[in-house]
S.K.: 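Dropping the structure in here first, questions after.
So that the names make sense, note that chain A is the first sequence line, chain B the second, and so on, each numbered from 1.
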Amino acid sequence: MRWSQVFIPTLREVPAEAEAASHRLLLRAGYIRQVSAGIFASLFLAQRSFLKITQIIREEMNRIGAQEFYLPALNPAELWQESGRWSADVLFKFKDRGGHDLCLGMTHEEEMTNIARSELRSYKQLPQIWYQIQEKFRDEPRPKSGLLRLRQFMMKDSYSFDLDDAGLDLSYQKHVDAYHRIFTRCGLKYLHVEAYSGMMGGRVSSEFTAPAESGEDWIASCECGYAANLEKAESKAPPVSDPPGDAPLEPFSTPGQKTIDDLVRFTREGPERLIKTLDYIVESKPVVVLLRGDHSLSETKFASLLGTGTYRPATPDEAFALHGAHLGSLGPVGLKGARLIADRALEGRKLMIAGANRDDTHLRNVTPGRDFAAEYHDVREVAAGDLCIRCGRPLRLTKAVELGHVFKLGRRYSETMHATVLNAQGQESPLVMGSYGIGVERILSAAAEQNHDADGMFLPRAIAPFDVILTAANMDDARVRDAAGELYQQMLDASIEVLFDDRSERPGVKFKDADLIGVPFRVTVGSKKIQQETAEIFDRSTRQNQDVRLQELLGVLGKKLAPSS
RNA sequence: CGGGGCGUGGCGCAGCCUGGUAGCGCGCUUGCCUUGGGCGCAAGAGGUCCGCGGUUCGAAUCCGCGCGCCCCGACCA
C-alpha cells in the first residue's frame with residue numbers, strides 16, 4: 001500500500017475526550033473515530049489489525065475442533081424470555097413495525113442452545129463446539145475508555161455441548177489451551193486468573209486478563225502462580241496480635257464517635273482491633289455482616305454467599321429497629337432477629353472493640369464465639385499487604401483488562417430451554433454446556449496499552465496492521481525515489497506487508513507518523529545513505545537503528561520478521 | 001442512577017464573569033521556498049457559537065428546559 005493513496009488520518013493533537021492511553025493513541029494514529037458513546041468506526045488500520053486478530057482466533061479455535069457459525073444479532077423476544085434473560089437491562093430491546101418485541105444479542109447462549117435443542121438428538125453427536133465472531137450489543141450504563149468498554153463490539157464466543165461433566169471439563173480445558181495460544185500469538189502480556197462467575201453463571205470460570213493501566217479489573221497475583229480477580233480472590237490477612245489473657249465485656253462511653261476512624265483516634269487502638277458492623281436487607285430480611293475495622297466487604301462474595309443480588313444497605317431506621325441504637329454504635333453482642341455473618345478474619349480473635357447497641361457506647365473485650373455466634377465466611381475484599389492463601393507470600397494487586405472469560409455453564413440453559421439428548425441408556429439427558437468469550441477490540445486496546453511511549457505505539461507484529469513502513473525521506477530525490485520504489489516491490493514480492501510512505505511530506509512528518517501508528521519496523525531510504533547503497537532498519541520497540549546494504553536489506557528484514565511470525 | 005467537568009470552523013483552545021464586528025494555534029487549499037524529526041513566507045477557504053424557549057433595542061455571553069460527550073462512583077450474565 002502506498003500511503004499517498006490510503007486513508008490514515010493521524011492527528012497532531014489529542015481530542016479532548018480521550019483519556020485512556022489506548023483511546024488517545026488509536027484516535028491519533030487514525031485507527032478509529034467515535035460515532036457515539038461506546039460506538040466507534042474502525043478505519044483502515046484498525047480493520048487490518050482486527051482481521052489479523054480474528055484470523056489468529058479462528059486458527060486456534062479450529063485447531064481444537066471448534067466449528068465457525070454466523071448467527072443473527074437480531075433476536076425475537078421469545079428466545080430471551082425463555083431463558084429468563086429478557087429482563088436484563090443491558091439488553092437492547094425494541095419493537096418491529098408489527099409490534100413484536102425484538103432485541104440485539106449481547107451474547108449467544110440462547111441462539112446456540114436453540115439450535116442445539118432442535119438438532120442434537122443423541123449423545124453420539126457429542127461433543128460439539130460451535131463458535132462465531134460477531135458483533136455484540138450491550139446497553140452499557142457507562143461506556144468508556146475508547147474500545148475498552150463499548151456498546152457494540154466484536155466478540156468471539158463459543159459454546160460447548162457435552163453429555164456430562166467430564167466432557168465439559170475436557171471442552172473447557174481445550175478452550176483454556178486455545179486461549180493461551182491465542183493471547184501468546186497476539187504478543188500480549190496476560191494472566192490466567194480465577195474469576196467470579198456472576199449470579200447467572202455456572203460453577204467454574206476463569207479469565208484471561210492483560211495487565212494495563214486503563215484496565216477495569218483488579219487482579220491479585222502471587223509469585224507462586226496463584227492469580228484471581230479481586231471479586232473472587234482469597235487471601236490471608238497478615239497476623240494481628242490481641243491482648244493476652246481474658247477479660248469480661250466492658251461497656252465504655254464514646255460520645256459522638258461514629259466511624260472507624262473516629263474510634264481509632266478515640267481509643268488509640270489500631271483499626272484491626274475493631275469490629276465493623278454492617279446491616280443489609282436481603283430480600284426484605286435483615287443480615288448483619290461483621291468485618292475487621294480495616295477491611296471492606298466484597299459485594300460479589302457477599303452476593304454469591306447469599307445466592308441473590310437482591311440486597312441493599314439497611315436504612316438508619318431499619319438499623320435502629322434491629323439494634324436499638326443508631327448507626328455508629330451497632331454491634332453483634334446481644335443481637336437478635338438477624339442472620340449474622342462474620343468474615344473469616346475475625347475467627348480466633350479476642351478482646352476486640354465493637355458497638356454496644358446503645359447510642360454513644362462501645363464494648364471492650366468483645367470475643368467472637370464467646371460473646372456472639374456468627375457464621376464465618378470469606379466476604380472481604382483482598383487488600384494491599386495481604387498474603388497468598390497458597391504460599392503465604394505477599395500478593396500483588398494489578399489493574400488489568402479482561403480479554404476473555406471461560407465458563408462452565410453446566411445445565412443452566414439446557415434445563416431452562418429443554419435442550420436434551422438421549423444418553424447410552426436411552427434416557428433424556430440435559431446438555432452440559434460451556435461458554436467462552438474473547439473481546440476482539442480489547443486485544444488491540446490492550447496491545448496499545450502495553451506497547452507505547454510518548455511518540456506512539458509499537459504493536460506486536462502478529463496484530464500490527466503492517467509489518468514494515470518504508471519511508472522515503474525525500475521523494476524529490478530521484479535516487480531515493482527509485483531505490484525506495486525498488487525496495488517496495490521487493491517487499492511485496494517477498495509477501496512482506498509493507499506500507500510505503502511515498503508522500504511528498506517533509507521527513508519529520510513522516511517519521512512522526514511512522515512512530516505513531518504502531519508498525520514494528522521502519523525502513524528508511526534517505527539521500528545521504530543511498531549514496532553508500534545503504535538504508536536503515538529501525539526497530540520501533542527498541543528504537544535500535546541499523547544500516548544495511550540495499551542488496552542485503554530484504555534478507556536482514558526477513559530475519560527480523562521471522563521470530564514472531 | 002448519584003457526583004463533577006465540558007459543548008465556539010476538521011483538531012486543540014480563548015472570548016462568557018462585566019451583552020454590542022466571532023478570534024488564536026494546528027490542520028486544509030493555492031503559490032513560492034525548504035527537504036533526516038510535525039520548516040519558512042504570502043494569499044485564501046471554512047462557523048446553525050449543541051438545541052429549544054425566555055429576558056433585552058441587541059444574546060456565544062444572562063435565565064429556564066432539554067440533548068450530547070468525558071471523568072469519578074454505583075453497575076457490569
S.K.: A:D261: what forms a salt bridge (charged side-chain N to carboxylate O under 4.0 Å, His left out) with it, not counting sequence neighbours?
M.R.: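 Checked A:D261 against salt bridge (charged side-chain N to carboxylate O under 4.0 Å, His left out); zero matches.
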S.K.: Roughly, in whole Å, what's the span from CG in A:L91 to C1' in B:rC75?
M.R.: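 It works out to 16 Å between those atoms.
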S.K.: When the P atoms of B:rA42 and B:rU18 are considered, how many whole Å apart are they?
M.R.: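 Approximately 39 Å lies between the P atom of B:rA42 and that of B:rU18.
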S.K.: In terms of the angle between their ring planes, are A:F40 and A:H23 parallel, tilted or perpendicular, with boundaries placed at 30° and 60°?
M.R.: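 Ring orientation, 0 to 90° scale: perpendicular.
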S.K.: Find the partner of B:rG64: check Watson-Crick (N1-N3 plus N6-O4 or O6-N4) and G-U wobble (N1-O2, O6-N3) distances, both under 3.5 Å, and reply none if neither fits.
M.R.: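 Base-paired to B:rC52.
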S.K.: Can you tell me, in whole Å, how much space there is between the C1' of B:rC70 and that of B:rC32?
M.R.: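 Rounded to whole Å, the distance is 44 Å.
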S.K.: Could you check A:M106 against A:G526 and say which one's nearest nucleotide on RNA chain B is further toward the 5' end?
M.R.: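 Result: A:G526.
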S.K.: Nearest-Å distance, CD (A:E231) to P (B:rA74)?
M.R.: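 Roughly 11 Å, once rounded to whole Å.
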S.K.: Work out how far the C1' atom of B:rG51 is from that of B:rC39, and round it to whole angstrom.
M.R.: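 Per the computed distance, 43 Å lies between those C1' atoms.
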S.K.: Can you see whether A:D162 engages A:S171 through a side-chain donor-acceptor pair at a distance of less than 3.5 angstrom?
M.R.: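 Their side chains do contain a donor-acceptor pair, which is all the 3.5 Å distance test asks for.
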S.K.: Would you kindly check if the NZ (Lys) or CZ (Arg) of A:K232 is within the cone defined by 45 degrees around the ring axis of A:Y196 and under 6.0 Å from the six-membered ring centre?
M.R.: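 No, cation not above the ring by the 6.0 Å, 45° rule.
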S.K.: Compute whether any side-chain donor of one residue and acceptor of the other, for A:E402 and A:H405, lie under 3.5 angstrom apart.
M.R.: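 A donor-acceptor contact under 3.5 Å links the two side chains.
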S.K.: Taking the C1' atom of each, how far is B:rC76 from B:rC13, in whole Å?
M.R.: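 Comparing C1' positions in B:rC76 and B:rC13 gives a spacing of 36 Å.
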S.K.: B:rG38 P sits how many Å from A:F511 CZ, rounded?
M.R.: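 That distance rounds to 10 Å.
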S.K.: Round to the nearest Å and state the distance from A:L230 atom CG to B:rC75 atom P.
M.R.: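 To the nearest whole Å, that distance equals 13 Å.
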S.K.: So what does A:E536 touch, heavy atoms closer than 4.0 Å: a base, only the sugar-phosphate, or nothing?
M.R.: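 Answer is base: heavy atoms of A:E536 come under 4.0 Å of a base.
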S.K.: Could you check which nucleotide pairs with B:rA59 in any of the strands shown, counting Watson-Crick or G-U wobble with both distances under 3.5 Å?
M.R.: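 Per the H-bond distance test, none.
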S.K.: Answer yes or no: is there a donor N or O on one side and an acceptor on the other, between the side chain of A:D343 and the main chain of A:R380, under 3.5 Å?
M.R.: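 Checked: pair present.
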S.K.: Touch check for A:R312, heavy atoms < 4.0 angstrom, all strands: base, sugar-phosphate only, or nothing?
M.R.: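 Nothing, no nucleic acid heavy atom in range.
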S.K.: Sequence neighbours excluded, which residues qualify as side-chain hydrogen bond (donor to acceptor under 3.5 Å, both in side chains) partners of A:N75?
M.R.: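 Testing A:N75 for side-chain hydrogen bond (donor to acceptor under 3.5 Å, both in side chains), a comparison that skips the adjacent residues, returns A:W80, A:E111.
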S.K.: Would you mind classifying the nucleic acid contact of A:A88 as base, sugar-phosphate or nothing, using non-hydrogen atoms under 4.0 angstrom?
M.R.: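 Base: the residue A:A88, judged by heavy atoms under 4.0 Å, touches a nucleobase.
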S.K.: Does a donor on one side chain sit under 3.5 Å from an acceptor on the other, for A:S4 and A:D502?
M.R.: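 There is such a pair between these side chains.
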S.K.: Check this for me: does any side-chain nitrogen of one of A:E82 and A:R117 sit under 4.0 Å from a carboxylate oxygen of the other?
M.R.: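 Salt bridge between A:E82 and A:R117, a charged N being under 4.0 Å from a carboxylate O: yes.
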S.K.: With side-chain hydrogen bond (donor to acceptor under 3.5 Å, both in side chains) as the criterion, how do A:H108 and A:K136 come out once you've worked through the C-alpha distance, each side chain's angles and the decisive distance to 0.1 Å?
M.R.: CA-CA 9 Å; A:H108 281 75; A:K136 298 288 181 280; 3.2 Å; yes
S.K.: Determine the interatomic distance between P on B:rU8 and the same-named atom on B:rA14; round to the nearest Å.
M.R.: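 To the nearest whole Å, 11 Å.
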S.K.: Expected output is a numbered-order residue list: members of residues 133-150 of chain A with a heavy atom under 4.0 Å from any atom of RNA chain B. What is it?
M.R.: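 When residues 133-150 of chain A is checked for heavy atoms under 4.0 Å from RNA chain B, the hits, listed by number, are A:P141, A:R142, A:K144, A:S145, A:R149.
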S.K.: Kindly point out which of B:rC13, B:rC70, B:rG37 is positioned nearest to the side chain of A:K512?
M.R.: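 When the side chain of A:K512 is considered, B:rG37 is the closest of B:rC13, B:rC70, B:rG37.
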S.K.: Assess, by modelled atom type and distance only, whether the side chains of A:Q47 and A:S42 contain a donor and an acceptor separated by less than 3.5 Å.
M.R.: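 Side chains of A:Q47 and A:S42: no pair found under 3.5 Å.
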S.K.: Could you tell me the separation between the OH atom of A:Y436 and the C1' atom of B:rA77, rounded to a whole number of Å?
M.R.: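 Whole-Å distance recorded here is 16 Å.
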S.K.: Could you check whether A:R522 pairs with A:D539 (Lys NZ or Arg NE/NH1/NH2 to Asp/Glu carboxylate O, under 4.0 Å)?
M.R.: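 No salt bridge links A:R522 with A:D539.
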S.K.: Answer yes when A:K529 and A:E536 have at least one side-chain N-carboxylate O distance shorter than 4.0 Å, and no when they do not.
M.R.: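 Yes, charged N to carboxylate O under 4.0 Å.
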S.K.: Short of 4.0 Å, heavy atom to strand atom, which residues of residues 28-36 of chain A count as contacting RNA chain B?
M.R.: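 The answer is A:R28, A:Q34, A:S36.
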S.K.: In whole Å, what separates the C1' atom of B:rU48 from that of B:rG44?
M.R.: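 One C1' to the other, the span is 24 Å.
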S.K.: Taking a pair as Watson-Crick or G-U wobble with both distances under 3.5 Å, which nucleotide is matched to B:rG37?
M.R.: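 By the stated definition (distances under 3.5 Å), nothing pairs with B:rG37.
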S.K.: Which one is paired to B:rU29, where only Watson-Crick or G-U wobble pairs with both distances under 3.5 angstrom count?
M.R.: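 Checking every strand shown, B:rU29 finds its partner in B:rA43, with both distances under 3.5 Å.
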S.K.: What distance do A:I443 atom CD1 and A:I182 atom CD1 have between them, rounded to the nearest 0.5 Å?
M.R.: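 A:I443 atom CD1 to A:I182 atom CD1 measures 7.0 Å (nearest 0.5 Å).
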S.K.: Rounded to the nearest Å, what distance is computed from the CZ atom of residue A:R24 to the P atom of nucleotide B:rC71?
M.R.: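 Computing the A:R24:CZ to B:rC71:P distance gives 12 Å.
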S.K.: With rounding to the closest Å, how many angstrom separate the C1' atoms on B:rU21 and B:rG27?
M.R.: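 Comparing C1' positions in B:rU21 and B:rG27 gives a spacing of 26 Å.
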S.K.: More 5' along RNA chain B: A:E216 or A:D455, using each one's nearest nucleotide?
M.R.: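 Result of the comparison: A:D455.
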S.K.: Looking at every strand, decide which applies to A:D513 at a 4.0 Å heavy-atom threshold: base, sugar-phosphate, or nothing.
M.R.: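 If one applies the 4.0 Å heavy-atom cut-off, A:D513 turns out to touch a base.
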S.K.: What integer distance in Å separates A:R151:CZ from B:rC70:C1'?
M.R.: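 Spelled out: CZ on A:R151 to C1' on B:rC70 is 14 Å.
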S.K.: For nucleotides B:rG20 and B:rA59, find the distance between their C1' atoms and express it as a whole number of Å.
M.R.: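 The answer is 10 Å between these two C1' atoms.
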S.K.: Strictly by Watson-Crick or wobble contacts shorter than 3.5 Å, is anything paired with B:rG73, and which nucleotide is it?
M.R.: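 Across all strands, the one nucleotide that pairs with B:rG73 is B:rC1.
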S.K.: Please walk me through it: do A:Y311 and A:Y280 pass ring-ring contact (aromatic ring centres under 6.0 Å, His included)?
M.R.: CA-CA 7 Å; A:Y311 67 91; A:Y280 283 87; 5.8 Å; yes
S.K.: Sugar-phosphate means primed atoms, P, OP1 and OP2; the rest is base. With that split, encode nucleotides 25-30 of chain B 5' to 3' as B, S or - using protein heavy atoms under 4.0 Å.
M.R.: BSS---
S.K.: Any side-chain heavy-atom pair from A:L403 and A:F183 closer than 4.5 angstrom?
M.R.: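 Answer yes - side chains close enough.
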S.K.: In residues 469-485 of chain A, what residues come within less than 4.0 Å of RNA chain B, judged by heavy atoms?
M.R.: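 Per residue number, the list reads A:A473, A:N474, A:D476.
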S.K.: Step by step, work out the ring-ring contact (aromatic ring centres under 6.0 Å, His included) result for A:Y159 and A:W130.
M.R.: CA-CA 5 Å; A:Y159 304 87; A:W130 300 342; 9.0 Å; no
S.K.: By the 4.0 Å heavy-atom rule, please label A:V90 as base, sugar-phosphate, or nothing.
M.R.: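 No contact.
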S.K.: Roughly how many Å is it from CG in A:L79 to C1' in B:rA77, rounded to a whole number?
M.R.: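 Atom-to-atom, A:L79 to B:rA77, this comes out as 15 Å.
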